[in-house]
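Note: hydrogens, waters and symmetry copies are ignored here, and every other heavy atom, side chains too, is used. Note on naming: letters A, B, ... go to the chains in the order of the sequence lines (proteins, then strands), and numbering restarts at 1 for each one.
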Amino acid sequence: MSEDGKMVTATIDNIEVNVPEGTTILNAAKSVGIKIPTLCHHDDLKPKGLCRICVVEIEGYRNLQTSCTLPLSEGMVINTNSHQVRRARRDLVDLELSNHTGTCYTCNRSRNCTLRELADECGVTEFRFGEKQKADHEIEDSGLFIVRDMNKCIQCRNCERACKELQAVGAYGIKDRSNKIKIAAFADKELEETVCINCGQCITHCPTGALSVKDETEKVWDAIENPKKHVVIQTAPAPRSAIGECFGNDPGEEAMTFQLATALRRCGFDKVFDTTFTADLTIIEEATELLIRLKKALVDKDESIALPQFTSCSPGWIKYLEHFKPEMIPNVSSAKSPQQMFGAVIKTYYAQKNNINPDDIVSVALMPCVAKKFECSRPEMTDSGYKDVDIVLTTEEAAQMIKEAGMDLRKVPKSEYDAPFGASTGSGVIFGATGGVMEAALRTAIELITGLKAEDLFEHANITPVRGFEGSRIAEVTIDKVGAVPEILKAHFNDWEWLKGATLKVGVAHGTANANKVLADIEAGGPFSECHFIEFMGCPGGCLAGGGMPRPVNMDVREARAKILYDEDMHYEYRKSHENPEVAHLYQEFFTEGPCSHKAHDLLHTHYTARGVIID
Amino acid sequence: MYIPNHDDINKFLSEAEQQHAMERKSIIPLLQATQRKYGFVPEYAMQKIGVMLGISSAEVYGVATFYSFIEVEPKGKYHIALSIDMPSKMAGVDDVAKRLEKDLGIKMGETTYDLMFSLEWTGCVGISDMSPAMIINEKIFPSITPEKASEIVKKLRHGEPVETEIPQSFTNDLSFDQVEKNSGLKNALELSPEEVRNLVKDSGLRGHGGAGFPTGMKWDFCANAEGDKKYVVCNADEGEPGCFKDMLIFSRFADKVIEGMTVAGYAVGADEGILYLRWEYAFMKEKLEEILEEKRAANMLGNKICGKDDFNFDIRLYFGAGAYVCGEETALIESIEGHRGEPRNKPPFPVTDGLFGKPTNVNNVETFAWVPCILAKGSEWYNSAGTENSKGYKLFSISGDCNKPGVFELAWGMSLNDIVELVDAKDPKAIQIGGYSGQLVPKKDFDRVLSYEDLATGGSVIIFDKSRNLYDIAENYLEFFIEESCGQCTPCRWGNTALLNHVEKMRQGKATRKETKDIETLSETMVLTSKCGLGQTSPNIVKNLMNDFADQL
Ligand SMILES: Cc1cc2nc3c(=O)[nH]c(=O)nc-3n(C[C@H](O)[C@H](O)[C@H](O)COP(=O)(O)O)c2cc1C
Ligand code: SF4
Ligand code: FES
């Protein structure tokens with residue numbers, strides 16, 4: 001869009017529009033309430049003009065023009081629904097259908113497939129250009145997480161573009177040309193054999209049922225139905241903000257936090273826990289680790305200490321770093337993600353306390369994420385002596401189970417999560433949004449170091465500089481005054497004098513393309529290299545738009561979900577991780593030597609693998 | 001199966017690293033170099049190239065698989081490609097294919113067990129007047145017969161050398177012969193850039209690549225576009241079946257093309273020229289490099305050309321890798337940048353947003369070749385010939401059922417009846433004007449005239465006599481478009497297949513009236529919505545059949 005704020009005026013369907021120069025015809029039409037159908041267009045991605053569904057007629061132009069690519073210019077007279085346009089659209093949808101195999105009833109997108117909606121909207125009532133009976137492509141489902149049915153692919157390349165533009169991964173390419181064209185990983189391999197980070201952004205950006213998450217619900221049902229098994233589920237914060245969408249809610253309509261607890265229990269889980277518990281635990285471990293690093297670097301002048309410290313809770317981000325910048329692995333916090341901490345605690349502390357054989361526990365995690373499935377299957381995630389987390393369900397999978405059990409989540413009564421891991425804090429909840437981990441960490445760090453209340457520095461303890469959807473952000477907090485070292489940290493620190501007057505600089509990045517820019521900036525000695533702590537989230541927007549979240553996802557949806565999480569945060573009795581009474585209890589009873597102690601390291605911390613980009 | 005080991009590939013690529021800029025634009029040259037070395041591009045090499053250029057391996061793979069002359073699996077040491085265009089078909093290429101299949105014991109598309117030979121179809125190789133043509137690695141063999149092909153394969157198998165000469169098309173007298181080397185450029189440098197553009201405008205010269213856009217006007221757009229850097233690109237992708245006049249120009253008047261590009265560089269304010277040649281013309285590389293060197297030595301290229309202080313201009317060669325669609329100017333630009341040759345959305349046009357986002361003037365080989373002639377002989381010499389809207393002369397490549405195929409320089413305005421006489425065609429039933437994407441004209445309309453007003457063409461004329469079957473023709477065209485579509489946009493990716501299915505149904509007499517109507521609408525939709533000229537014109541043949549040949553079906 002032009003910088004000088006120039007406006008252009010034109011008419012669309014006889015309505016005058018006046019928009020900033022550079023606005024596409026599609027968006028200009030939207031601004032006056034005219035909807036032009038699209039298929040390959042996605043607000044997150046650069047327009048490509050592939051499907052041609054969005055064509056419009058413009059006076060003086062010989063051919064129809066794609067409204068998603070062409071900027072409006074002064075004086076244009078545009079018709080979005082002329083006879084030519086309608087006929088062309090119908091032909092185009094019909095052409096796509098002539099090469100699309102698969103029945104709508106059994107499709108994972110039967111509820112919200114763009115192609116199916118278009119067939120309806122454009123009046124396609126028969127297959128005029130043939131109906132493909134035989135599937136050309138074998139369904140690619142031998143991988144662990146992402147299922148690809150290329151018979152349903154309509155070549156919009158959203159997956160390939162999301163992987164490249166949003167994630168800077170480039171696991172997908174376009175193979176061959178013409179009608180043989182296929183979206184394929186390098187050398188047409190399974191995604192697992194590539195640099196794929198399992199973030200699942202390809203899935204959430206797919207307009208049809210071509211991409212989906214490998215369904216593991218049957219495994220969970222089997223466990224539930226096995227009387228010998230004690231089946232517990234932890235639920236991450238993000239799913240509650242969106243699972244209602246699977247039942248017909250609008251994005252942002254209502255948090256499903258407590259309905260979810262009831263519904264999962266009714267599905268047959270023996271215990272329903274809240275992952276915010278280990279989110280809080282993560283904050284304590286990670287913040288302690290950061291303070292230890294800072295002290296070594298600032299006081300002991302140990303130059304081997306890697307700073308800034310990077311967060312470790314997003315497994316998509318972790319695999320990204322392992323492939324693309326393995327030399328920066330030392331910067332990553334060794335703290336496990338909340339999911340994996342939970343897994344380790346359940347099969348040790350919880351099992352002992354309740355006298356359950358860990359072997360009989362099936363530990364399930366409800367996550368917004370596809371990469372979490374990969375994370376729980378990493379060979380190092382067995383510190384409890386067992387597979388710490390057995391099965392990860394995505395939000396959509398959990399919704400499926402609830403539906404199969406005959407419930408409409410929106411109508412289920414509310415109930416609390418189960419002790420001893422049911423108490424949540426607001427900090428744990430906002431983990432689901434980009435910047436949330438950093439905000440939680442800052443609230444805790446401020447209070448533990450200064451002895452003040454976070455509210456004294458930020459209104460309502462809302463640390464707004466780290467919030468929002470800008471690709472990367474930096475915030476600073478100056479420590480004017482220090483307090484006494486709290487009990488829990490006394491093993492590591494005698495006083496905070498060394499921090500007095502220091503300015504704590506933190507950064508936030510979400511989507512691995514933004515992460516990549518931040519890493520480059522650090523290498524180049526830019527502003528991010530001066531940060532002490534940086535939060536990285538693999539998915540754009542953070543977990544609330546993770547690869548396992550309800551589809552579709554776009555900027556409006558992200559904002560609506562974020563609002564739910566931030567509203568929830570305001571309603572909690574405890575807003576800060578270190579206030580979580582159950583976390584305090586865990587340190588008193590189990591990790592008695594405190595955070596980052598030997599035992600904590602055994603169970604709550606991990607290490608990473610340098611992978612690189614050349615894969616044999 | 002021979003797969004080179006990693007050390008070997010590392011060594012090879014680190015040498016290649018010295019010869020190429022480590023930027024994305026080097027990807028196709030690197031893939032070609034790797035293929036020349038190993039016969040194909042091994043997986044490890046693709047990954048390495050990705051790392052070297054900072055792009056993902058999946059993307060390297062995407063580029064490699066787009067182009068038909070880049071192989072990602074081991075292929076025969078001798079890669080035999082037979083031209084599948086209509087003139088080759090009419091001249092018996094199917095018999096050559098059968099003979100080779102029998103001799104080699106493999107089918108088209110396969111590779112022999114010992115990795116000695118691969119057999120493949122390819123689009124028109126650019127010598128339709130000497131059909132059928134065969135390419136082995138980078139050598140072209142004209143007028144091939146089953147016996148000759150068999151002989152060549154036998155020699156190769158025994159390690160004996162096979163020679164072929166650069167094919168020379170028959171031509172009439174050509175104006176290019178009458179213009180002294182560099183005289184056009186010298187004249188141009190006496191004028192201001194604007195005066196040069198005005199002179200070209202006055203001449204009425206229009207693009208010879210097919211679309212016929214007024215050349216002087218295009219130069220004006222490019223000259224007036226804002227940009228710290230501008231490019232001149234010569235489109236020598238010549239992939240239109242039945243078109244071989246650009247090849248002829250290169251074989252005899254390459255210096256004129258280079259001179260024309262240099263004039264264009266002066267006229268639009270560019271300092272870099274790129275000559276994009278289709279891969280099939282790789283055999284001309286050395287000769288062209290020599291001519292460029294000569295020009296540099298004579299100060300006709302390089303810095304301060306002809307002593308003109310502020311005029312620097314040089315030209316480099318760039319080879320495509322087998323994709324007809326790369327002749328489309330924005331696809332060509334994508335290809336030079338190191339991408340899959342997928343056309344861009346237009347507008348914006350290359351004159352403002354071209355190569356690497358800079359203003360870029362793309363012209364056809366022949367367009368450039370006429371420029372020095374016009375500058376030497378004056379704009380009136382050119383605009384006094386031709387018709388009202390089609391000034392001057394043009395080269396026509398004429399092939400098919402006639403006794404005197406070749407390249408002919410003619411003034412615009414000849415009728416098809418004149419052409420029939422000129423090349424001595426017996427019993428013609430239809431003439432294809434403008435290549436497969438042009439018009440198939442039935443005999444009753446042979447009084448129609450070659451001109452932008454009536455039958456526009458980039459220069460390809462294919463004559464069909466009455467023994468030819470219209471369905472064979474239509475199916476061959478559509479198969480070509482299906483093979484050559486870049487596939488990015490829906491109407492073309494699937495539309496051509498739908499058209500072909502329908503033509504097959506028509507042949508069997510099974511097409512219902514309703515289906516025919518639906519296909520008519522679809523053809524219209526393809527014209528209206530396809531992203532580039534390929535999908536906008538591929539339905540022409542179907543429309544032609546239905547409208548102009550209904551009585552003969
Ligand atoms: C599918 C397709 C293939 C084309 N192939 C060629 C070609 O081989 N050579 C060429 O000069 N122009 C080709 N063109 C036309 C170019 O896009 C462009 O118009 C031309 O190079 C401009 O040069 P001119 O103005 O000198 O004709 C092709 C266009 C399309 C749509
Ligand atoms: S019309 Fe065909 S060749 Fe042109 S962009 Fe579309 S798919 Fe590619
Ligand atoms: S939505 Fe505009 S071309 Fe696909």
Side-chain angles (χ1 to χ4, degrees), chain A residues 39-40 47-53 55 57 62-66 69-71 84-85 87-96 98-99 128-130 154-155 157 160 163-164 168-182 184-189 194-195 612-616, chain B residues 6 43-44 46-48 50-51 55-68 72 323 325 340-342 344-345 347-348 481-499 501-502 514-515 517-519 521-522 524-531 535-536:
Chain A
L39 182 54
C40 71
K48 227 9 203 151
L50 300 170
C51 74
R52 320 301 284 177
I53 296 284
V55 285
E57 196 173 320
R62 196 159 41 105
N63 293 336
L64 302 179
Q65 300 292 320
T66 43
T69 58
L70 190 64
Q84 260 190 352
V85 168
R87 203 174 63 178
R89 261 186 221 147
R90 184 187 302 176
D91 277 358
L92 293 171
V93 174
D94 208 348
L95 272 183
E96 278 307 344
S98 72
N99 285 281
R128 286 169 307 154
F129 309 125
I154 47 107
Q155 321 282 354
R157 309 190 185 179
E160 181 253 356
C163 191
K164 188 161 79 183
V169 170
Y172 291 115
I174 316 293
K175 179 185 180 228
D176 294 333
R177 64 182 188 218
S178 189
N179 58 2
K180 291 199 292 292
I181 218 167
K182 183 189 170 199
F186 174 62
D188 217 352
K189 291 173 193 281
T194 72
V195 292
V613 293
I614 293 189
I615 295 161
D616 262 327
Chain B
H6 292 188
E43 272 180 21
Y44 179 71
M46 281 190 273
Q47 298 192 57
K48 259 317 250 205
V51 172
I55 49 185
S56 73
S57 9
E59 193 139 346
V60 177
Y61 182 66
V63 172
T65 56
F66 182 86
Y67 296 96
S68 31
V72 295
V325 70
R340 295 164 58 83
E342 293 177 347
R344 297 176 178 172
N345 289 299
F481 288 123
I482 290 173
E483 176 65 29
E484 296 298 337
S485 158
C486 82
Q488 66 168 319
C489 78
T490 304
C492 177
R493 177 177 61 248
W494 301 134
N496 289 316
T497 313
L499 297 184
N501 290 343
H502 187 75
K514 175 172 180 310
E515 283 167 345
K517 190 116 195 61
D518 287 341
I519 288 297
T521 334
L522 176 65
E524 203 47 41
T525 294
M526 290 174 69
V527 173
L528 287 171
T529 65
S530 287
K531 192 168 183 173
Q536 288 163 8

task: For residues B:Ala58 and A:Gly170, report the shortest heavy-atom separation together with the two atoms involved.
output: CB-O, 3.4 Å
- line: Cut-off 4.5 Å, heavy atoms of chain A, and the answer for B:Val72 is neither
query: Which answer fits B:His502, side chain, backbone, both or neither, if we ask what part of it has an atom under 4.5 Å from a heavy atom of chain A?
result: neither
task: Kindly determine whether B:Leu528 and A:Val55 satisfy side-chain contact (heavy atoms from CB on, under 4.5 Å), including the steps that lead there.
output: CA-CA 9 Å; B:Leu528 287 171; A:Val55 285; over 6 Å; no
statement: Closest non-hydrogen contact found for B:Glu524 with A:Arg87 is CG-NH2, 3.5 Å
B:Thr497 versus chain A, the contacting section by heavy-atom distance below 4.5 Å: side chain
- prompt: Roughly how far, to the nearest 0.5 Å, is the CG atom of B:Asn345 from the NZ atom of A:Lys48?
  reply: 8.5 Å
- line: Heavy-atom closest pair (A:Ala187 atom, B:Glu43 atom, distance to 0.1 Å) is CB-OE2, 3.5 Å
task: Work out which heavy atom in B:Gln47 is nearest to a heavy atom in A:Ile615; give both atom names and the distance.
output: OE1-N, 2.7 Å
query: Is any side-chain heavy atom of A:Leu92 less than 4.5 Å from a side-chain heavy atom of B:Thr529?
result: yes
- request: Below 4.5 Å from any heavy atom of chain B, which atoms of A:Gln84 appear? Answer side chain, backbone, both or neither.
  value: side chain
message: Under a 4.5 Å cutoff for heavy-atom pairs, which residue among A:Asn99, A:Asp91, A:Thr194 has the most contacts with chain B?
response: A:Asn99
query: Does the side chain of B:Thr490 reach to within under 4.5 Å of the side chain of A:Ile154, using non-hydrogen atoms?
result: no
task: Could you check which of B:Phe66, B:Tyr67, B:Phe481, B:Trp494 has the highest count of heavy-atom pairs closer than 4.5 Å to chain A?
output: B:Trp494
- prompt: If you count heavy-atom pairs under 4.5 Å with chain A, which of B:Ser56, B:Ala498, B:Ser485 comes out on top?
  reply: B:Ser485
- prompt: Do the non-hydrogen side-chain atoms of A:Glu96 and B:Arg493 ever get within less than 4.5 Å of each other?
  reply: yes
- prompt: Measuring from A:Arg90:CZ to B:Thr525:OG1, what's the distance to the nearest 0.5 Å?
  reply: 10.0 Å
query: By a 4.5 Å heavy-atom criterion (distance strictly below it), what part of B:Asp518 contacts chain A: side chain, backbone, both, or neither?
result: both
- prompt: With a 4.5 angstrom heavy-atom cut-off, which part of B:Tyr44 approaches chain A: side chain, backbone, both or neither?
  reply: side chain
- prompt: What residue, out of A:Val195, A:Leu64, A:Leu39, A:Val613, has the most heavy-atom pairs lying under 4.5 Å from chain B?
  reply: A:Leu64
- prompt: If you look at every heavy atom in A:Arg177 and B:Glu483, which pair is closest and at what distance?
  reply: NE-O, 3.2 Å
query: So what's closer than 4.5 Å to chain B heavy atoms on A:Ile181: side chain, backbone, both or neither?
result: side chain
field: Part of A:Asp94 lying under 4.5 Å from any heavy atom of chain B
entry: neither
Carboxylate-amine/guanidinium proximity below 4.0 Å for B:Glu515 and A:Arg128: no
task: Nearest 0.5 Å please: distance from the CG atom of A:Leu95 over to the CG atom of B:Leu522.
output: 5.0 Å
query: Between B:Arg340 and A:Glu160, is there a side-chain N and carboxylate O pair less than 4.0 Å apart?
result: no
- line: Turns out that what part of B:Ser68 lies under 4.5 Å from chain A's heavy atoms comes down to both
query: Which bit of A:Arg62 is near chain B, if near means a heavy-atom gap under 4.5 Å: side chain, backbone, both or neither?
result: backbone
- line: Applying a strict 4.5 Å limit to non-hydrogen atoms, the region of B:Ala323 in contact with chain A is both
task: Find out whether A:Gln155 and B:Gln488 are in side-chain contact, i.e. whether some heavy atom of one side chain is under 4.5 Å from a heavy atom of the other.
output: no
Proximity breakdown for A:Ile614 and chain B, heavy-atom pairs closer than 4.5 Å: both
- prompt: Measuring heavy-atom distances to chain A, does B:Lys514 have an atom under 4.5 Å in its side chain, in its backbone, in both, or in neither?
  reply: side chain
statement: dist A:Thr69:OG1 -> B:Arg344:CZ (nearest 0.5 Å) comes out at 13.5 Å
task: Flag the pair B:Glu59 and A:Lys164 as a salt bridge only when some basic side-chain nitrogen lies within less than 4.0 angstrom of an acidic carboxylate oxygen.
output: yes
- prompt: What's the shortest heavy-atom distance between A:Gln65 and B:Pro347, and which atoms?
  reply: OE1-CD, 4.0 Å
